[in-house]
Amino acid sequence: MASTPTPDAHSATPVIMDGWKTAAIPGAGGEKRAGGSRLLDGLNPQQRQAVEYRGQALLIVAGAGSGKTSVLTRRIASLLENREAWPSQILAITFTNKAAAEMRDRVRALVGQAAEGMWISTFHSACVRILRREAENFGFTKNFTIYDSSDSRVLIKRIIKEQGADVLGFTPANVSAKISKLKNELADVDSYARNANMDDPNEAAFLSIFRAYTRALTAANAFDFDDLIGQTVYLFRAFPLVAAAYRTRFHHVLVDEYQDTNHAQYALIRELTRPPAVEDGALVAAGNGASLTVVGDSDQSIYAFRGADIRNITEFEHDFPGAEVILLEQNYRSTQNILTAANSVIANNFDRKDKKLWTAVGDGEKIVGYTGYSGHDEAQFVADEIEKLHAAGTPYSDVAVFYRTNSQTRALEEIFIRSALPYRIMGGTKFYERAEVKDAMAYLVSVANPADTLALRRILNTPKRGIGPATETALFSFAEDNGLSFRDGMREATALGLGPKVTNAILSLSALLDEGAKLVAEGKVADVLSLLVTQSGLIEALRRSHDPQDEARAENIEELVAVAKEFERNNPDGELVDFLTEVSLVAAADDLDDSSGTVSLMTLHTAKGLEYDAVFLTGIEEDLLPHRMSASEPGGPAEERRLFYVGITRARKRLYLSLAMTRAQYGETAVAMPSRYLQEIPAELIEWRQSPGMANSRGGTQPRALNANRSGWSGTTGNALADRPLTEKRDWPNRITNQVRNNGDLELASGDRIRHTDFGEGRVQTVTGEGAKRIAHVAFDSAGFKKLLIKIAPIEKI
DNA sequence: CTCCCATCATTTTTT
DNA sequence: ATGATGGGAG
């Protein structure tokens with residue numbers, strides 16, 4: 001097959017880090033070296049076996065921190081180095097773009113140039129690549145749009161409304177979840193219809209929505225996220241010659257994080273690794289299909305809610321008879337204390353294969369526990385500890401704070417800002433999900449794929465140009481009545497007989513898009529975008545707005561233009577659709593920049609696959625760490641436990657577990673209970689700086705902290721907050737920690753005495769930074785040393 | 001058609 | 001507490 005895969009866009013951000021430099025194991029030096037290859041240097045016997053095994057199917061059960069990326073990259077490198085495969089015959093699939101980029105970099109570090117022709121990508125980008133190439137074969141064109149979940153949501157919402165299904169209790173959220181689930185099971189409208197009970201009005205209504213949604217996608221020449229996988233499988237099954245081409249091409253398929261694959265992804269792997277036979281075509285059965293290597297750890301399966309099927313990994317040997325299974329249990333990441341905690345927690349999941357991580361590095365520090373009065377209190381503890389670590393030489397970038405839900409970031413952020421602690425939130429509302437960025441992207445999409453009515457309707461009145469819902473509907477039915485596409489209907493807007501102002505607005509938008517399309521031919525992605533966002537008045541409108549946030553929005557759009565320029569630089573031959581694809585498929589963990597010198601904040605899900613010297617697990621409370629929603633799901637609590645396990649095993653040297661006695665949610669403050677998982681960690685491993693009292697109260701010795709008198713409650717001493725005068729605590733939980741004050745241009749110099757609402761009196765030691773970012777370093781009389789952002793700290797000079 | 005205000009639901013995790 | 005949504009006035 002003639003193919004020149006474009007280099008992965010993300011390879012532009014090299015993250016060369018061979019974490020296994022430290023993997024030299026005492027005692028392993030005497031092992032014989034197969035082929036004298038440096039690729040086996042520093043590997044333990046199981047790791048070597050995983051690199052060297054050759055067979056049809058290999059399952060590497062890789063515990064957390066057991067060096068699986070190292071094994072995977074060396075395995076690829078050894079295939080290349082021994083001339084067992086050409087780069088183009090290798091397909092490696094990872095979970096995130098970041099993991100793909102890292103893998104490519106590490107293979108490149110091992111074998112150099114040969115790393116270039118390989119396909120190393122996520123399921124989604126690999127499928128997009130295949131689909132773009134083959135789109136014409138089955139009713140799509142190669143410039144199809146990729147709808148992310150919010151796009152699908154918008155479309156579904158519209159359909160629900162059109163069909164009046166909202167009265168039946170259908171919401172965009174539950175419908176899209178159900179459709180997604182079906183697609184992950186490779187069901188389509190027809191197969192669903194065959195099994196549906198049409199006497200059930202609910203089911204009939206759902207089917208009708210599903211059908212309309214599918215039609216709308218096809219009409220818009222668009223795929224949603226799940227289609228990318230499902231349609232590729234369909235393509236392979238419906239067009240054997242196409243499938244055969246890929247089966248012939250890929251001789252080695254490697255899949256990372258196999259425990260998180262869903263049924264559709266499993267089916268895709270199966271299709272790819274089948275022998276390349278065609279019944280009555282040119283090809284004949286030719287022995288074996290591609291060899292398959294999968295790496296995973298069922299204890300780290302945390303995406304069941306999204307359709308990941310843990311059976312894919314637990315039944316691998318059954319699915320692929322003759323498969324070899326290799327266990328990697330030696331951990332090179334964490335201290336023994338951390339691993340013991342992780343092992344004891346995960347041991348409570350009953351239906352798992354026993355697996356115990358161990359390390360040769362020794363016990364290390366104890367795990368530190370802390371119970372705050374409120375989420376803000378907890379956050380203050382985290383901030384203080386991070387400052388201590390930093391003062392002791394741990395760079396901010398080696399510290400991470402994890403939490404179960406995104407809403408927990410609020411308290412952390414407030415405190416971190418006040419403490420002048422540099423931090424970064426991974427995931428959350430992503431850059432590309434911001435409304436203004438999506439608006440700008442919709443302009444580009446409208447140029448690239450004129451059939452995408454969803455994108456067109458999005459920009460029709462953004463910025464405001466007087467085209468309201470009434471006009472939109474008129475335009476829509478006009479196009480329909482005349483057998484025109486929506487886009488062509490815009491061109492003929494004069495025929496609608498609308499007011500001159502509105503007609504003009506439509507025509508000039510249409511003309512602008514045409515102009516953009518002309519420019520696309522010259523391959524200037526950034527120029528096209530720039531033209532669209534300026535000529536449409538999008539940026540101008542934000543600039544003129546009185547909303548103070550709009551200035552930042554305008555900057556975001558300019559940032560997007562900069563991203564497009566960057567894309568052009570990295571991909572000289574890149575087309576508009578390639579840029580759109582790249583933007584559509586970025587993930588939460590992808591924009592992680594290790595060199596940024598900031599503390600990383602992220603959800604436990606985003607944390608998978610990452611590691612830090614010091615890790616803070618926050619909000620270890622009932623209803624939050626087993627999350628309330630998980631209680632009703634079948635396997636929910638077990639999955640939540642795995643999530644906890646994933647979090648624990650991210651830590652190299654230090655692990656902190658924190659919780660709060662009350663937590664604010666929905667603007668209300670509710671009492672919180674310590675998580676049941678805390679008791680699963682042997683008590684001697686945790687040093688409680690301020691204990692929940694409850695960690696052992698279920699055993700029955702100490703009174704429950706939560707029932708005790710607030711002001712009289714005290715955990716262990718030695719902590720600043722616990723030692724604070726009780727009078728200050730009276731207003732707990734909210735008043736103390738939430739306060740922010742605008743100090744304007746308060747001048748402070750070293751030696752000044754100040755009073756802080758929370759920390760009492762103290763003396764300024766130094767002041768650093770400029771203007772709004774001036775930071776006071778203060779030694780408080782009783783609360784210890786703190787950094788404060790002067791502009792907003794609740795302080796006064798005395 | 002646009003703007004403003006009141007009401008409402010929202011918070012589990014994401015390729 | 002905050003952001004989205006819908007109704008009503010201008």
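In what follows, every chain begins at residue 1, and chains take the letters A, B, ... in the order their sequences are listed.
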Would you check, one step at a time, whether the test salt bridge (charged side-chain N to carboxylate O under 4.0 Å, His left out) holds for Lys68(A) with Asp256(A)?
-> CA-CA 9 Å; Lys68(A) 65 161 196 194; Asp256(A) 194 10; 3.3 Å; yes

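Using a 4.0 Å cut-off, some side-chain N or O of Thr471(A) falls inside it from OP1 or OP2 of dC1(B). Within the structure, every side-chain polar atom (N or O) of Lys608(A) is placed at least 4.0 Å from both OP1 and OP2 of dT13(B). Contact check, Asn406(A) against dT13(B): a side-chain N or O comes under 4.0 Å of OP1 or OP2.
Contact of the Met629(A) side chain with the Phe305(A) side chain is not registered, since no non-hydrogen atoms from C-beta on lie closer than 4.5 Å.
Residue-level contact check: Tyr303(A) touches the backbone only, with heavy atoms under 4.0 Å from sugar-phosphate atoms and none from bases. At the heavy-atom level, Arg410(A) lies under 4.0 Å from the strands shown only through sugar-phosphate atoms. Across all strands, Ile467(A) comes closer than 4.0 Å only to sugar-phosphate atoms, never to a base (heavy-atom distances). Using a 4.0 Å heavy-atom cutoff across all strands shown, Ser407(A) reaches at least one base atom of the nucleic acid. Among the atoms of the strands shown, none is found under 4.0 Å from any heavy atom of Asp148(A). Lys501(A) comes within 4.0 angstrom of nothing in the nucleic acid, heavy atoms only.
Looking at His124(A), its side chain comes within 3.5 Å of the base of dT15(B) through a donor and an acceptor atom. For Arg404(A) and dT13(B), a side-chain-to-base donor-acceptor distance below 3.5 Å is present, hydrogens and geometry of angles not being considered.
In the model, Asp226(A) has a side-chain atom that pairs as donor or acceptor with a side-chain atom of Ser180(A) under 3.5 Å.
Phe644(A) does not carry Arg641(A) over the face of its six-membered ring by the limits of under 6.0 Å from the centre and within 45° of the normal.
Rounded to whole Å, atom C1' of dT14(B) lies 14 Å from atom CD of Glu257(A). In this structure, His605(A) places its NE2 atom 11 Å from P of dT15(B), rounding to the nearest Å. The CG-P distance, from Leu604(A) to dT12(B), rounds to 15 Å in whole Å. In this structure, Gln265(A) atom CD and dT15(B) atom P are separated by 12 Å, rounded to whole Å. Spacing between atom CG of Leu412(A) and atom P of dT11(B) amounts to 19 Å, rounded to whole angstrom units. Distance Phe644(A) CZ to dT12(B) P: 20 Å, rounded to the nearest Å. Note: CD1 (Ile229(A)) to P (dT15(B)) measures 13 Å, nearest angstrom. Atom CZ in Arg628(A) sits roughly 14 Å away from atom P in dT13(B) (whole-Å rounding).
For Thr606(A), the side-chain atoms get nearest to dT14(B) when compared with the rest of dC1(B), dT15(B), dT14(B). With distances taken from any side-chain atom of Phe225(A) to the nucleotides dT2(C), dC1(B), dT15(B), the minimum falls on dT15(B). Comparing dT15(B), dC3(B), dT12(B) against the side chain of Lys464(A) picks out dC3(B) as the nearest.
One P atom belongs to dT13(B), the other to dA4(C), and the distance between them is 16 Å to the nearest Å. Using atom P as the reference point in both dG6(C) and dT11(B), the two lie 16 Å apart (nearest Å).
Note on ring orientation: taking the six-membered ring where Trp is involved, the planes of Tyr246(A) and Phe236(A) are tilted (angle from 30° to 60°). Using a 30° and 60° split on the angle between ring planes, Tyr303(A) and Phe95(A) fall in the tilted class, from 30° to 60°.
Where Arg306(A) and Asn461(A) meet DNA chain B, the nucleotide closest to each residue was compared, and Asn461(A) sits on the side nearer the 5' end.
Stacking between Phe305(A) and the base of dT13(B) is present: ring centres sit under 5.5 Å apart and the planes differ by under 30 degrees.
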